[in-house]
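The figures that follow rest on heavy atoms only: side chains count, while hydrogens, waters and symmetry mates do not.
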Amino acid sequence: MHKLIVLRHGESQWNHENKFCGWIDIPLSEKGEKEAQHAGELLKKYNIRPDVMFTSMLQRLIKTGNIILETIGRMWIPQYKLWRLNERHYGLFQGRDKNEVFKEFGKEKYQFYRRNVDGVPPETGSVQNDDSIDERYKFSDIPVEKLPQGELLRMTIRRVVPYVDHIVKNEILKQDREVLIVTHGSIVRSLIKHFCKMSDEAISKINAPTGVPLVFELDDQGNLVKEMYYLDEELAKKGIAKVAMEGHGSQSKL
């Protein structure tokens, strides 16, 4: 049996302020740093010792991962930063207050944009109009102008899953390593859909809490051997409920 550990970064400052982050490089909030430390303590409690860590190119991920590794005393393990693990690009919604978007489009359309696999937000139009695409992407594996400027979840899944399958095959199965992927909510949902073989309708109802490690136990072919699980199920439930209400008026601040 092999383990893939995935978690969404700790709360960012814009999570706290109820704004769409997407590719904008927002730091962790004070709460987010504490969540990252707690995630590390959970890994220690269950004797999970990652051999390699993957994050996106954004600081809220990198800082979360570094806090976790410091907490478990494994800052020396190899780390890789991949743009393909970036959050879904939210186009012109990036930086906007979720309550404002909810009021502008209404509950049904808001939920469609936010959770439906085919809900694509308004695109920025070009890299030149997109401040979230900067010099860090200069040496990406595709031309900078081909990077997304607004994604539906189905597009995010297409860019993420082949790379994670490559990680599973080459790091977990071939080398028997425990892999930690610190990533974003949409990427967590993409991987849940992939490994759990969820339908489009089912994944639209899934939310990812911040800072709670999620474990996929895999066989020698990379398939799930049991149901995925969070290392702190009660904390995950509270986080999921909070994320589900983001943008729904004052309740999103709870």
Can you see which heavy atom on [X] is nearest to which on [Y], and at what distance?
X    : Y    : value
D130 : S132 : OD1-OG, 2.5 Å
I77  : D51  : CB-O, 3.5 Å
D165 : H194 : OD1-NE2, 2.9 Å
P209 : A236 : CB-O, 3.8 Å
G211 : A39  : O-CB, 3.5 Å
Q59  : I26  : CG-O, 3.7 Å

Minimum side-chain heavy-atom gap [X]-[Y] below 4.5 Å:
X    : Y    : result
P50  : I72  : yes
H2   : D176 : yes
R114 : V101 : no
I192 : F216 : yes
R96  : E104 : yes
R88  : P121 : yes
I5   : Y46  : no
I133 : Q149 : yes

Point-to-point distance, once rounded to the nearest 0.5 Å, from [atom1] of [X] to [atom2] of [Y]:
X    : Y    : atom1 : atom2 : result
S190 : I206 : OG    : CD1   : 12.0 Å
E145 : S140 : CD    : OG    : 10.5 Å
D232 : K238 : CG    : NZ    : 8.5 Å
L231 : L43  : CG    : CG    : 6.0 Å
M75  : L69  : CE    : CG    : 6.5 Å
R60  : R8   : CZ    : CZ    : 8.5 Å

Taking NZ, NE, NH1 and NH2 as the nitrogens, is one of them in [X] or [Y] under 4.0 Å from a carboxylate oxygen of the other?
X    : Y    : value
E234 : K237 : yes
K34  : E30  : yes
E33  : K63  : yes

Do [X] and [Y] belong together in a cluster built from hydrophobic side chains that touch within less than 4.5 Å?
X    : Y    : result
L224 : Y230 : yes
V160 : I203 : yes
L180 : I48  : yes
F54  : L191 : yes
F112 : L153 : no

- Run the numbers on V212 and L7 for side chain to side chain contact (heavy atoms under 4.5 Å, CB included), then give the verdict. CA-CA 6 Å; V212 187; L7 80 151; over 6 Å; no
- Message: Let's go through W83 and I142 carefully: what are the C-alpha distance in whole Å and the side-chain angles of both, what is the deciding distance for side chain to side chain contact (heavy atoms under 4.5 Å, CB included) to 0.1 Å, and is it a yes or a no?
- Response: CA-CA 10 Å; W83 78 266; I142 63 173; 3.7 Å; yes
Whether [X] and [Y] hold their rings parallel, tilted or perpendicular, with breakpoints at 30° and 60°:
X    : Y    : value
H184 : H9   : perpendicular
F20  : Y90  : tilted
Y113 : F105 : perpendicular

- Determine, step by step, whether S186 and E87 satisfy the side-chain hydrogen bond (donor to acceptor under 3.5 Å, both in side chains) criterion, reporting the C-alpha distance in whole Å, the side-chain angles of both residues, the deciding distance to 0.1 Å, and the verdict. CA-CA 6 Å; S186 294; E87 176 60 288; 2.9 Å; yes
Counting distance only, does the side-chain N/O of [X] pair as donor-acceptor with the main-chain N or O of [Y] below 3.5 Å?
X    : Y    : value
R189 : R115 : yes
K81  : M57  : no
R154 : V117 : no
Q175 : N170 : yes

- Item | Stepwise side chain to side chain contact (heavy atoms under 4.5 Å, CB included) test for D25 and R136 | CA-CA 11 Å; D25 199 11; R136 78 191 73 192; 2.9 Å; yes
- Query: Does the side chain to side chain contact (heavy atoms under 4.5 Å, CB included) test come out yes or no for Y137 and V127, once each step is laid out?
  - Reply: CA-CA 11 Å; Y137 304 108; V127 171; over 6 Å; no
- Without hydrogens or angle criteria, can the side chains of T210 and E11 be said to hold a donor-acceptor pair below 3.5 Å?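 No pair is found: no donor N or O on one side chain lies under 3.5 Å from an acceptor on the other.
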- Task: Answer with yes or no whether the side chains of E217 and Y229 bring together a donor and an acceptor at under 3.5 Å.
- Result: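 A donor-acceptor contact under 3.5 Å links the two side chains.
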Counting only heavy atoms not in [X] (residues, nucleotides, ligands), do more than 12 fall under 6.0 Å from its [atom1]?
X    : atom1 : answer
E108 : CD    : no
E233 : CD    : yes
D131 : CG    : no
R49  : CZ    : no

